[in-house]
Amino acid sequence: MKVSGAQALFKALEGEGVDIAFGIPGGAILPAYDPLIESGVRHVLCRHEQGAGHAAEGYAWATGKVGVAIATSGPGGCNLVTALADAKMDSVPIVAITGQVPTPAVGNDAFQEADITGITMPVTKHNFLVTDPGEVAETIREAFHIARTGRPGPVLVDLPKDVLVNETTWSWPDQVDLPGYRPTIKGNMRQVVEAAKLILEAKRPVLYVGGGVIKAEATEELYELATVGHLPVVTTLMARGAFPDAHELCLGMPGMHGVYTAVTAMQKADLLVAVGARFDDRVTGKLATFAPNAKIVHIDIDPAEIGKNRRADVPIVGDCKDVTAKLVAELTRRQDEAGIPDRSPWLEQLAAWRAEQPLRYDQEPDGPLKPQYAIERLRAHSDGDTIVVAGVGQHQMWASQFWSFEKPRTWINSGGLGTMGFAVPAALGAAAGQPDRRVIAIDGDGCFQMTSQELATSTTEKIPFVTAIINNAYLGMVRQWQELFYEERYSQVYLSYDVPDYVKLAEAYGAVGLRAERPEEVDAVIEKALSVDDRSVVIDFRCDANEMCFPMVPAGASNDDIITGPEGLQPQDDPAEAPIA
Amino acid sequence: MSLHTISVLVEDKPGVLTRVAGLFSARGYNIDSLAVGPTEAEGLSRMTIVVHVESKSLEQVTKQLNKLINVIKILEHEPGTAVERELMLAKVRAKGDARARVMEIAEVFRVSIVDVTKTTLTVEASGKPEKLEALRELLSEFGIVELSRTGRIALARGDRGIREKGGLRVARAVGAEDSPEWTGGGV
Ligand SMILES: Cc1ncc(C[n+]2csc(CCOP(=O)(O)OP(=O)(O)O)c2C)c(N)n1
Ligand SMILES: [Mg+2]
């Protein structure tokens with residue numbers, strides 16, 4: 001069968017089971033937008049390619065499937081770069097399809113030409129420039145395979161206009177042929193045995209759970225591991241929901257703004273079993289003093305993560321699902337013989353810390369609205385299936401801290417890159433992927449203004465979600481650092497409470513706009529917001545600008561020096577010593 | 001910090017050199033030399049990279065290289081385990097007295113003179129990097145007009161090839177190298 005390169009593209013996307021793509025057309029990609037009309041792929045017309053990229057990410061986070069973004073050459077592709085870098089850092093499987101100037105024009109500085117494969121090389125797992133329409137199907141196949149398997153990540157496929165226009169004979173490869181790409185899936189059993197032995201010997205073990213557990217769909221195996229072995233669990237910012245917060249073994253989030261017990265448990269542990277986690281600096285604090293007495297079992301599909309920041313005593317390369325299942329079996333077998341070690345002193349210690357050092361904030365009944373209160377009330381009105389999407393800043397940390405997660409894939413955020421503007425488009429993508437679930441973006445006022453244009457997409461494409469803006473009139477996280485480390489010398493962080501008027505802005509976009517300024521208004525506003533299901537809703541929570549996010553381990557400091565509240569602050573003597581964000 | 005020689009077998013695809021070079025610069029590793037050319041197998045090229053790093057970073061280098069989709073296999077040459085060679089061309093000022101002395105040096109080193117002008121001699125030398133270094137040192141006395149070196153290439157000693165399964169130690173993937181399922185490429 002003869003097809004154009006563009007037709008081959010859509011047949012290939014259908015072959016990969018793609019039902020939705022987020023994008024914006026333009027000159028070089030135009031030939032692809034014609035067969036799109038007849039294809040089985042729903043195209044969501046975004047208002048900015050960055051939005052399309054984050055929407056593809058949100059879709060992937062929420063569904064576990066590969067998200068797709070489409071853009072034209074030059075500026076279109078360039079606008080995707082932030083989303084690709086974000087997906088690379090957080091191992092999010094997306095495929096970006098870009099138009100390119102016709103092959104004879106490549107390299108000539110043609111109109112809207114950008115070397116997008118060159119530009120995106122460091123921020124993609126892999127990318128392709130296709131030069132023959134006969135290679136379109138095969139390349140799409142490979143792109144999806146690479147994006148979805150192993151350690152997932154973004155892949156870009158650049159398609160010159162003539163490649164889209166010219167004809168080829170359709171053929172769909174049964175399998176991919178990538179001799180240099182064979183991720184290690186199965187964990188080495190000898191190493192698993194060593195890990196099980198260490199777990200049995202440990203008096204103060206902690207399961208350090210990262211985003212890889214969710215990507216590998218290994219949360220059930222993880223649950224078994226924790227409960228069979230009586231192992232307390234910390235879930236990183238990337239792994240919130242991988243283990244239920246309400247479980248007695250769950251200590252919550254570790255790291256820079258982590259829960260005291262989670263941070264301190266890792267510091268005092270004699271064994272850390274890291275599963276799909278990468279010892280990121282936001283988790284470890286000062287590496288030299290991180291978990292000084294802990295042996296390390298490190299399970300990850302990416303060998304390069306093992307030993308990168310912290311030497312592993314028992315390294316296990318493999319898919320978290322495979323390795324965790326094997327570890328459960330081995331541990332069960334050994335415990336059946338030798339019994340479960342008595343960990344009650346450790347568990348009692350953890351319970352004591354939890355009682356002494358809960359997350360806390362003060363909502364005075366007639367005081368200013370506290371962001372934590374707004375988030376807690378939102379949670380109280382929502383069910384455990386609700387998908388929460390966060391931006392980047394204080395509100396992100398509060399959302400992660402104060403939302404109680406029950407299930408995987410109910411928490412979506414930008415962890416590694418820390419991309420402001422992530423929440424609204426990612427919520428759009430999540431809502432498109434999970435149309436029967438409630439999606440709530442908890443966003444900052446600064447973040448919201450970076451990508452709020454996708455509210456138009458939400459309205460016209462009928463993909464509703466709720467955006468709760470934690471409006472503190474500031475680039476709050478930056479303000480917090482200036483308050484703590486730059487002697488309250490505030491520099492370029494004030495935004496304003498009422499410019500723009502978020503309620504009017506929401507209405508202008510065809511969404512419902514609501515506002516709560518006082519604590520007693522919060523419940524009614526949330527109830528109203530959650531009663532709308534045919535339109536998007538924006539809530540302007542006008543919150544206390546002075547509220548700071550605690551606990552906090554200042555960047556570069558030891559996790560032992562965690563500050564649990566404002567009373568723990570010490571004046572910074574020398575601003576030159578101030579940590580680097 | 002020390003010099004390490006690694007052989008990288010790659011698919012002969014556009015952009016692969018950029019990917020490899022980009023990885024080194026993005027992660028802040030210094031390439032001392034990089035030589036690339038075709039191999040015994042069609043569609044495969046071989047890069048020999050000499051890199052200046054601590055051994056802990058070398059492990060990261062090889063692991064990160066291994067993640068590149070177009071990289072098939074990586075071999076780290078331990079000192080003494082490989083034949084390492086390099087080619088050098090040096091155009092040397094050689095007038096009057098110097099002429100005979102340059103030719104004498106060439107003879108002692110068993111290298112050839114491949115171009116002659118009234119004022120210069122061009123020396124072609126191949127061999128171990130240390131030998132070339134010694135030669136360069138001696139020639140520099142006369143004044144080197146220009147010099148070009150290919151960078152090192154290397155083959156492991158012994159009867160096995162880099163493509164043979166299990167034949168040679170591939171880049172370290174701690175905890176995976178013993179796994180029968182481990183084939184050693186990509187993540
Ligand atoms: C694109 C981008 N630019 C700048 C930053 C640096 N940054 C981190 S948090 C933050 C403030 C975010 O402000 P807001 O969205 O209002 O959130 P808040 O901290 O007030 O909750 C900034 C500017 C970033 N993370 N991303
Ligand atoms: Mg703010």
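- Atom CD of B:Glu40 has more than 12 heavy atoms from other residues, nucleotides or ligands within 6.0 Å.
- Nearest approach of B:Glu59 to A:Ile306, heavy atoms of both residues: OE2-O, 4.5 Å.
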| field | Residue pair A:Met121, B:Leu23: steps toward the side chain to side chain contact (heavy atoms under 4.5 Å, CB included) verdict | value | CA-CA 9 Å; A:Met121 228 170 240; B:Leu23 189 146; over 6 Å; no
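- Around the CG atom of B:Leu135, the shell of radius 6.0 Å holds more than 12 heavy atoms that belong to other residues, nucleotides or ligands.
- A 6.0 Å sphere centred on NZ of A:Lys286 holds no more than 12 heavy atoms belonging to other residues, nucleotides or ligands.
- The two residues B:Gln64 and A:Ala304 make their nearest non-hydrogen contact at NE2-CB, 3.6 Å.
- With sequence neighbours excluded, no residue satisfies side-chain hydrogen bond (donor to acceptor under 3.5 Å, both in side chains) with B:Asp32.
- Residue pairs meeting the salt bridge (charged side-chain N to carboxylate O under 4.0 Å, His left out) criterion with at least one member in residues 304-322 of chain A, sequence neighbours excluded, are A:Arg151-A:Glu305, A:Glu221-A:Lys321, A:Glu305-A:Lys308, A:Arg311-A:Asp313, A:Asp322-A:Lys326.
- To the nearest 0.5 Å, atoms OG1 (A:Thr124) and CZ (B:Arg19) are separated by 6.5 Å.
- To the nearest 0.5 Å, the span separating CG on A:Asp302 from NZ on B:Lys63 amounts to 8.5 Å.
- Shown here are the side-chain hydrogen bond (donor to acceptor under 3.5 Å, both in side chains) partners of B:Ser33, two or more places apart in sequence or in another chain: there are none.
- Distance check, rounded to the nearest 0.5 Å: CD1 of B:Ile72 to CZ of A:Arg182 gives 7.5 Å.
- Among residues 85-113 of chain B, no residue has any heavy atom closer than 4.5 Å to a heavy atom of chain A.
- In this structure, chain A has no heavy atom under 4.5 Å from any part of B:Lys13.
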